[in-house]
Each structure stands twice: as structure tokens, then as C-alpha cells.
Amino acid sequence: MRAELHCHSNYSFQEGASSVEDLLVRARDLGYRALALTDHDNLCGAMHFAQVAKTLDIQSITGAELTIKDGEDGRDNSHLTFLAETREGYSQLSNLMSYSYVSSDRRNPALDLKYLPDRVHGLVLLTGCRVGRVPSLLTDGRYAEAETQLRRYLDWFGTDNVFVELQQNLVQGDTSRNRRLIDLARKLGVPTVATNNVHYHVSERHRLQDALVSIKNNLSLEQTHKERRANNQFYLKSSEEMAALFSRCPEAIKNTLRIAERCSFDLTKDLAYS
């Protein structure tokens with residue numbers, strides 16, 4: 001058994017190719033205990049997701065994948081995955097997202113990490129997809145910089161709240177990058193977690209995702225090979241499929257449930273609106 005902790009719905013506008021209902025029904029059919037919604041730079045679908053999940057007896061985890069401002073020109077921006085563990089964590093995530101819009105072009109929000117509070121509470125941080133700062137530095141062979149960056153995350157978020165995110169979508173470079181991520185995680189004593197960067201509920205839906213990305217870039221399908229996903233593997237996989245992909249790192253699968261157990265925040269009841 002496992003949980004999926006990195007999942008995009010059609011609230012990841014012009015990126016996610018499946019509805020909240022599609023994803024949750026598929027998760028139920030696959031026997032998932034929990035599913036996180038981590039749409040790009042917004043929480044627009046969070047309440048809808050939590051409400052539907054409750055009807056299907058699936059634990060909903062509220063999160064987001066935020067764009068992080070790494071360069072002045074915005075061309076070096078990276079991604080981080082945040083999950084709300086508590087009500088305070090949800091509040092901090094909402095604030096960070098607001099800062100990302102206020103301090104940037106609203107069409108292209110990016111969070112400057114200078115807006116992090118002195119103490120971050122109630123958030124679980126995953127180091128992100130291949131566009132994450134740590135993974136991309138390792139891909140480029142910049143090992144010392146990657147270690148420095150991961151140590152910063154540990155200082156900012158706390159050693160118990162950071163997980164090195166591994167993704168295996170059968171894309172060239174995934175295996176070598178995961179090997180380097182695992183080596184770095186073990187060196188610093190940071191746990192790993194396996195996610196699939198889900199953008200649609202079944203593999204056949206990748207065609208719609210390709211079309212959405214082409215529309216987003218105002219280009220034809222033939223012109224967007226670099227912008228589109230490399231294959232049709234970014235779907236909600238079964239526990240058996242994920243276990244096979246991460247057979248050399250089974251703890252990364254087990255940690256999905258460990259994190260899910262920690263993320264007890266329930267958006268449908270824990271905000272205490274009067």
C-alpha cells in the first residue's frame with residue numbers, strides 16, 4: 001500500500017488533464033488510503049478535492065507545488081512540493097502562495113524564499129520534481145551546491161519535515177538522478193519518498209495533457225516537444241507498479257504512508273469558520 005503525494009488536477013490550469021473526481025475515483029479503485037492534491041501555484045481545487053475525497057472515504061492531503069524564484073531573470077526558477085500537516089501549516093502555505101503572486105508577475109507567480117517565516121511549522125517539504133533545485137543541481141553534477149541547498153531546507157523547515165523526492169517516469173536521466181538523490185539523502189540522513197508527478201488519472205489521458213500544454217504555449221503539437229511530458233507515464237499508478245519502479249528503495253514507498261499519517265489536517269472541518 002502507498003499514498004500518492006504529488007498529484008495535479010485540472011486546477012493546474014493548462015497542465016493537469018484529469019478532474020478531481022477522475023483522480024479520486026481512480027485512487028479508490030486502486031485501493032489508495034490517501035491522495036495529495038499539489039496543483040501548480042494555487043489552492044483553487046483544494047476544498048472541492050477534500051469534499052469529494054470524503055464521499056469516497058479517502059484521506060485528502062492539501063498541498064501545492066510552488067514555483068521558487070532562483071534567479072533575477074526568472075529563467076532559473078525551480079519547484080518545491082509542500083504538504084499541509086496541520087492547520088498552521090495550511091495557513092503558512094496560503095501565505096507563501098500569496099507572497100508568490102504579490103512579488104511577481106501574477107501570470108507567472110514565483111516565491112522568493114526571503115518571505116519564509118523565521119520558524120516554519122506544520123508543513124512537510126518534498127524536494128520536488130526534476131525541476132526542483134536539488135534534483136537539477138545533481139543532474140548538472142553540482143554536488144556540493146546540491147548538498148548546501150538541501151542543508152538549507154533542513155535548517156528552514158526542520159530535519160523531521162524534509163523528504164528527498166524521487167520520481168521514476170521512465171524518462172532518460174531519471175535513474176541516474178535518483179541514484180544521486182539517494183546518495184545525498186543517505187549522506188545527510190534525510191528520508192526519501194517516491195512520487196509519480198501525476199498529471200492525469202490514466203495513461204490514455206496523456207494526449208489531452210499534450211494538447212493543454214500546446215495551448216498554454218500557443219504552439220502546435222509539433223512545436224512543443226520540449227514543453228510536453230516525455231511520455232505517457234505521468235498517471236496515477238498502482239501500488240504494485242510503484243513498488244516495482246522503486247524496488248531498490250522500498251523505504252521511499254513506505255514513507256508515503258508515513259507522511260500521509262502525519263498530514264491530519266482536514267480542510268472540510270479544521271478551519272473552524274463561524
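Predicted, not measured: the structure shown is a model, and the values here were computed from it. Count residues from 1 along the sequence.
Between D266 and K54, at least one side-chain N (NZ, or NE/NH1/NH2) sits under 4.0 Å from a carboxylate O, which counts as a salt bridge. With salt bridges taken as basic N to acidic carboxylate O contacts below 4.0 Å, one links R177 and D174. With salt bridges taken as basic N to acidic carboxylate O contacts below 4.0 Å, one links E251 and R186.
From F157, atom CZ reaches atom CG of L125 across 5.0 Å, with rounding to the nearest 0.5 Å. Atom CG of L236 and atom SG of C7 lie 6.0 Å apart (nearest 0.5 Å). The structure places CE of M97 at 13.5 Å from OH of Y99, a figure rounded to the nearest 0.5 Å. Atom NE2 of H8 sits about 4.0 Å away from atom NE2 of H199, to the nearest 0.5 Å. Atom-to-atom distance recorded for N10:CG and D22:CG is 8.0 Å, nearest 0.5 angstrom. Here the straight-line distance linking atom OG1 of T195 with atom CG of L126 works out to 7.0 Å at 0.5 Å rounding.
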query: Stepwise, does the side-chain hydrogen bond (donor to acceptor under 3.5 Å, both in side chains) test hold for S78 with D70?
result: CA-CA 7 Å; S78 61; D70 289 323; 2.4 Å; yes
task: List the steps and the verdict of side chain to side chain contact (heavy atoms under 4.5 Å, CB included) for H121 and T86.
output: CA-CA 8 Å; H121 297 288; T86 63; over 6 Å; no
Evaluation steps, side chain to side chain contact (heavy atoms under 4.5 Å, CB included), between H79 and R130: CA-CA 8 Å; H79 293 168; R130 60 177 52 83; over 6 Å; no
message: Apply ring-ring contact (aromatic ring centres under 6.0 Å, His included) to residues F265 and Y90 and explain how you reach the verdict.
response: CA-CA 8 Å; F265 172 71; Y90 174 76; 5.0 Å; yes
- request: Using the side chain to side chain contact (heavy atoms under 4.5 Å, CB included) rule, take Y32 and E4 through it: C-alpha gap first, then chi angles, then the decisive distance, then the call.
  value: CA-CA 8 Å; Y32 275 55; E4 178 56 62; 3.5 Å; yes
field: Steps toward side-chain hydrogen bond (donor to acceptor under 3.5 Å, both in side chains) verdict (S203, Q233)
entry: CA-CA 6 Å; S203 61; Q233 293 297 304; over 6 Å; no
message: side chain to side chain contact (heavy atoms under 4.5 Å, CB included), that's the test. Do D41 and Y101 meet it? Break it down for me.
response: CA-CA 9 Å; D41 298 306; Y101 279 87; 4.0 Å; yes
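Between V164 and P191, every side-chain heavy-atom pair lies at or beyond the 4.5 Å cut-off. The closest side-chain heavy-atom distance from Q92 to S94 is not below 4.5 Å. Residues F163 and T192 form no side-chain contact, since every pair of their non-hydrogen atoms from C-beta on lies 4.5 Å or further apart. Annotation: side chain of H206 is in contact with side chain of Y200 (closest heavy-atom distance under 4.5 Å). L257 has its side chain within reach of M1: a pair of non-hydrogen atoms, C-beta onward, lies under 4.5 Å apart. With contacts defined as side-chain heavy-atom distances shorter than 4.5 Å, the pair L80/Y153 qualifies. Contact annotation: the side chain of P135 approaches that of L181 to within less than 4.5 Å [non-hydrogen atoms, C-beta and beyond]. The shortest side-chain heavy-atom distance between L83 and T62 does not fall under the 4.5 Å cut-off.
For the side-chain hydrogen bond (donor to acceptor under 3.5 Å, both in side chains) with E21, the lone residue among R26, H48, H201 that qualifies is H48. Results of the side chain to side chain contact (heavy atoms under 4.5 Å, CB included) test with E85 over I259, I61, L123, N161 single out N161 as the only residue that passes.
D270 and S264 get closest at one heavy-atom pair: OD2-O, 3.8 Å. Minimum interatomic distance between L166 and A252 (heavy atoms only, all atoms of both residues): CD1-CB, 4.0 Å. Taking every heavy atom of both residues into account, A50 and L267 meet most closely at CB-CB, 4.1 Å. Of all heavy-atom pairs between A84 and C263, the closest is O-CB, 3.8 Å. Taking all atoms of both residues into account, the shortest heavy-atom contact from E65 to C129 is OE2-SG, 3.5 Å. Across all their heavy atoms, L93 and A64 have their closest contact at CD2-N, 4.2 Å.
Under the 4.5 Å side-chain contact rule for hydrophobic residues, F234 and L35 do not share a cluster. Residues L66 and Y11 are members of separate hydrophobic clusters, defined by side-chain heavy-atom contacts under 4.5 angstrom among Ile, Leu, Val, Met, Phe, Trp and Tyr. I253 and L170 fall within the same hydrophobic cluster, defined by Ile, Leu, Val, Met, Phe, Trp and Tyr side-chain heavy atoms under 4.5 Å apart, directly or through other members. Both Y115 and L113 are members of a single hydrophobic cluster when ILVMFWY side chains are connected at heavy-atom separations under 4.5 Å. When hydrophobic clusters are built by joining Ile, Leu, Val, Met, Phe, Trp and Tyr residues whose side-chain heavy atoms come closer than 4.5 Å, directly or via intermediates, L96 is grouped together with V162.
Surrounding CG of N218 are at most 12 heavy atoms belonging to other residues, nucleotides or ligands under 6.0 Å away. Within a 6.0 Å sphere centred on CG of D57, heavy atoms belonging to other residues, nucleotides or ligands number 12 at most. Annotation for R33: atom CZ does not count as buried by contact number, only 12 or fewer foreign heavy atoms lying within 6.0 Å.
Between the side chains of N95 and S98, not a single donor N or O lies within less than 3.5 Å of an accepting N or O. Side-chain contact annotation: S238 with E241, donor-acceptor N/O pair under 3.5 Å present. The closest side-chain donor-acceptor pair between T67 and N77, if any, does not fall under 3.5 angstrom. Judged by distance alone, the side chains of E165 and Q167 do bring a donor and an acceptor atom under 3.5 Å apart. For the 3.5 Å distance criterion, the side chains of N169 and N196 qualify, holding a donor opposite an acceptor.
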